[in-house]
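This structure is a prediction, so every number in the text was calculated from the model and none was measured. Quick note on labels: first sequence line is chain A, next is B, and so on, each numbered from 1.
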2 protein chains.
Amino acid sequence: MAAANIKQVAKHAGVSLGTVSNVLNRPDLVSPTTRQKVLDAITALGYVRNDSARQLRAGRSRTVAILVLDVSNPFFTDVVRGAEAVVEEAGGMLIVCNSGEDPHREQRHLDMLEEQRVQGLLVTPVSDGRHPRLDAFVERGIPVVLVDRGSGHPSRCSVAVDDVTGGRLAAEHLAERGHERIAYVGGPITIRQVADRHLGAATALAERDVPLDLQLVKTSSLSVDAGRQAADDLAALPPDQRPTAVFCANDLLALGLLQGSIAHGLRVPEDIAIVGYDDIEFAAAAAVPLSSVRQPRAQLGRTAAELLLEESINEDGHQHRHVLFQPELLVRKSSDHHR
Amino acid sequence: MAAANIKQVAKHAGVSLGTVSNVLNRPDLVSPTTRQKVLDAITALGYVRNDSARQLRAGRSRTVAILVLDVSNPFFTDVVRGAEAVVEEAGGMLIVCNSGEDPHREQRHLDMLEEQRVQGLLVTPVSDGRHPRLDAFVERGIPVVLVDRGSGHPSRCSVAVDDVTGGRLAAEHLAERGHERIAYVGGPITIRQVADRHLGAATALAERDVPLDLQLVKTSSLSVDAGRQAADDLAALPPDQRPTAVFCANDLLALGLLQGSIAHGLRVPEDIAIVGYDDIEFAAAAAVPLSSVRQPRAQLGRTAAELLLEESINEDGHQHRHVLFQPELLVRKSSDHHR
DNA sequence: GGCCGCAAGTGAAACGTTTCATAGACGTGA
DNA sequence: TCACGTCTATGAAACGTTTCACTTGCGGCC
């Protein structure tokens, strides 16, 4: 019973091999009596279809892969869950691969996925440049959708979130609450997200009726510790020069800044208002609930999967699309105060 | 060029089909000249091996699957990363599947993985009982390793972390710091981990030279909010009845308790010492860094994968093993105070 | 010179499925 | 009675690989 195949099922049921296949794939072509005989045989022998053979014959698999930069990053886990829902809805299976931001592991995974002739690939490549490796997929007829990367490429779809708008939302909110000395805490500025959020915030402030300046506080990383460090720096300033509001490049920085500010005796939001980015799980659970910009992560995954499946089904008529999602500002207590 | 196969490569290189296969799988059997000709042809045609055919022939794949309860739970993501390292080291590929604690999705994934004839399966089943479904894998010759579940099953390996010891560590630590009124905050008590940690802590205290009682504070969930709620309850007690130390069933509770205690004007650790469980990322980053019991999560994944590969290779001589890891107590400021 | 062994390369068979052209049984209408 | 269509069931071919028994060519040894 270790490995029954279709032939043995056919013999056991007293029908031909093709009939068993029909029961499996087009049951309506088979008379009820025969069908039942076959189903009984399948149960009796513990038959399980061999997907390799099926795939070999079909030329492609029903498996969609998602290759992420970091399986333990909540951003990607939410994207995965969104994509999963769509793929499973369509009767497929999503497998998750992790490059860990390592180009070699990315390469290895791409090699194996290409050998497996997956139905499609959702991927956030390690590097942001050109990707000849991905073109090979497309040429082989395997659709590729870029996630949060390199929008605008002509030969594949992409989905991303608009970080410039995110920065704008945060800055506008703070300006509307009457703040006039606003700072942006973040770094390294070489990270696209860090730069885009800064750009959006700075632009929004400059465009106001009374243009405002956005003070830039650079950090060496996007961690809680770096946020605390920034709090030390800000607390050291004389109160009349200290920003009354801070927009942080992500929530880790914001939480560190929040803790550090409180430790320095500053009241949040009265003395210093804080807005973070990402709306991580702990944002709402902080000592002072943290305002934050939320990205529609699951939506990103869902849409990516939908674009992929559409391309996969409608191979010829498919038009590549580049979907840009808008983030959303969640105002919580850390910035909910009018000056 | 869309889909070159071995035959076309052979023709292009002017050799037989078997020779191409030898170049791919046993290059030392082929003379350097011929080998180079074949490699050139492979490049020229953009040939990529078809894994379905290879698998069909070989009867099994080189893919190991891990089926977890929740891809977005850091516990599992760390387990995944540990397993990943081992599997990739061995030249295989790890695919991650997510049951989302839903028995139907678990079932679906198991069905598809069985059809795919994966090399092996690491799994944390949704339910804790018997698993006839997994026995089918074993009968088919697909090794299964249980992760953090049902140790002791005779027909498969398992890995888990000893929660009783974890509870013991936390309680002993608090007792040694001179605490005599100690509480355990957690619930629902039907969750095995919650119960085991409680058992370990209660036992440790009862076994002391001067036996101590462990006060039980039940919560309805393991969330930050439930922890805050518990803080309210404790703060309402008269100081001479209030526990001077609390061990929480997980870090979310502990962080909520920490915030709530501070909000009620209690000093941590002077008025109330707190120990959590899981050592989540934010434990060390809390306003008062949180003491916590850490589970060797990546090690769990690594060992699970090692057991699996061992069974896979040494099919006959394999002895099923049940590895129980010991957790570790990290003392941080939230409990670092002698009464 | 005859024999042997070795290195290199060959090509048919097998893996398990799906598909497709075809055959048989049976009922219906002319 | 015959021709025809419908419904079922059949089994060979094809998917692309790996393996293995086999040939071929060549050099060494007695």
A.B. asks: Just to confirm, is there a sub-4.0 Å distance from OP1 or OP2 of dT19(D) to any side-chain nitrogen or oxygen of Arg26(B)?
C.D. replies: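 Checking Arg26(B) against dT19(D): at least one side-chain N or O falls below 4.0 Å of OP1 or OP2.
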
A.B. asks: Rounded to the nearest 0.5 Å, how far apart are CZ of Arg35(A) and CG of Asp40(A)?
C.D. replies: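 Rounded to the nearest 0.5 Å, the CZ-CG separation comes to 12.5 Å.
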
A.B. asks: Taking NZ from Lys7(A) and C1' from dT18(C), how many angstroms apart are they, rounded to a whole number?
C.D. replies: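 My rounded result for the distance is 15 Å.
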
A.B. asks: Could you tell me how far apart Leu17(A) (CG) and dC15(C) (P) are, to the nearest whole angstrom?
C.D. replies: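 Between P of dC15(C) and CG of Leu17(A): 13 Å.
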
A.B. asks: Measuring from the side chain of Asn50(B) (C-beta onward, heavy atoms only), which nucleotide among dT17(C), dT17(D), dA9(D) has the closest atom?
C.D. replies: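 Ranking dT17(C), dT17(D), dA9(D) by closest atom to the Asn50(B) side chain puts dT17(D) first.
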
A.B. asks: Just N and O in the side chain of Thr34(B): are any of them under 4.0 Å from OP1 or OP2 of dG9(C)?
C.D. replies: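 True: Thr34(B) side-chain N/O within range (under 4.0 Å) of dG9(C) OP1/OP2.
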
A.B. asks: Kindly point out which of dT18(C), dT17(C), dG9(C) is positioned nearest to the side chain of Asn25(A)?
C.D. replies: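 Within the option list, the nearest is dT18(C).
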
A.B. asks: Which whole-number value in Å describes the distance from Leu56(B) CG to dA13(C) P?
C.D. replies: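 Going from Leu56(B) (CG) to dA13(C) (P), I get 17 Å.
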
A.B. asks: Report the distance from atom CD1 of Ile6(B) to atom C1' of dT18(D), rounded to the nearest whole Å.
C.D. replies: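 Distance check: Ile6(B) CD1 to dT18(D) C1' gives 8 Å.
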
A.B. asks: Looking only at heavy atoms, which two atoms of Val15(B) and Lys37(B) are closest? And how far apart?
C.D. replies: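 It is CG1-NZ, 4.4 Å.
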
A.B. asks: Tell me the interatomic distance from Leu24(A), atom CG, to dA9(D), atom P, rounded to whole angstroms.
C.D. replies: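 One finds 15 Å between P of dA9(D) and CG of Leu24(A), rounded.
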
A.B. asks: Hey, which of these two, Ser16(B) or Ala58(A), hits DNA chain C nearer its 5' end, going by closest nucleotide?
C.D. replies: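 Looking at the nearest nucleotide for each, Ser16(B) comes out on the 5' side.
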
A.B. asks: Looking at every non-hydrogen atom in both residues, tell me the closest pair between Gln55(B) and Ser61(B) and how far apart they are.
C.D. replies: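 What the structure gives for the nearest pair is CD-CB, 3.1 Å.
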
A.B. asks: Can you tell me how far the CZ atom of Arg297(B) sits from the CG atom of Asn73(B), to the nearest 0.5 Å?
C.D. replies: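 Output value for this atom pair is 7.5 Å.
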
A.B. asks: How long is the line joining CG of Asn22(B) and C1' of dC22(D), in whole Å?
C.D. replies: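 After rounding, the reported distance stands at 14 Å.
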
A.B. asks: Just list the side-chain donor-acceptor pairs under 3.5 Å for residues 319-326 of chain A, sequence neighbours left out, or say none.
C.D. replies:
residue	atom	partner	partner atom	Å
His320(A)	NE2	Ser155(A)	O	3.3
His322(A)	ND1	Gly152(A)	N	3.0
His322(A)	ND1	Ser158(A)	OG	2.8
His322(A)	NE2	His153(A)	O	3.0
Gln326(A)	OE1	Thr165(A)	OG1	3.1

A.B. asks: Leu45(B) has an atom CG; how far is it from atom P of dG16(D), in whole Å?
C.D. replies: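 Roughly 14 Å, once rounded to whole Å.
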
A.B. asks: Where the side chain of Arg57(A) is concerned, which of dT10(C), dT18(C), dA9(D) is the nearest nucleotide?
C.D. replies: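 When the side chain of Arg57(A) is considered, dT18(C) is the closest of dT10(C), dT18(C), dA9(D).
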
A.B. asks: Does the side chain of Ser52(B) get closer than 4.0 angstrom to OP1 or OP2 of dT17(D) through an N or O atom?
C.D. replies: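 No, Ser52(B) has no side-chain N/O under 4.0 Å of OP1/OP2 on dT17(D).
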
A.B. asks: Nearest-Å distance, CZ (Arg117(A)) to P (dC15(D))?
C.D. replies: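 Answer to the nearest Å: 14 Å.
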
A.B. asks: Where the side chain of Ser31(B) is concerned, which of dT18(D), dT17(C), dA8(C) is the nearest nucleotide?
C.D. replies: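 Of dT18(D), dT17(C), dA8(C), dA8(C) is nearest to the side chain of Ser31(B).
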
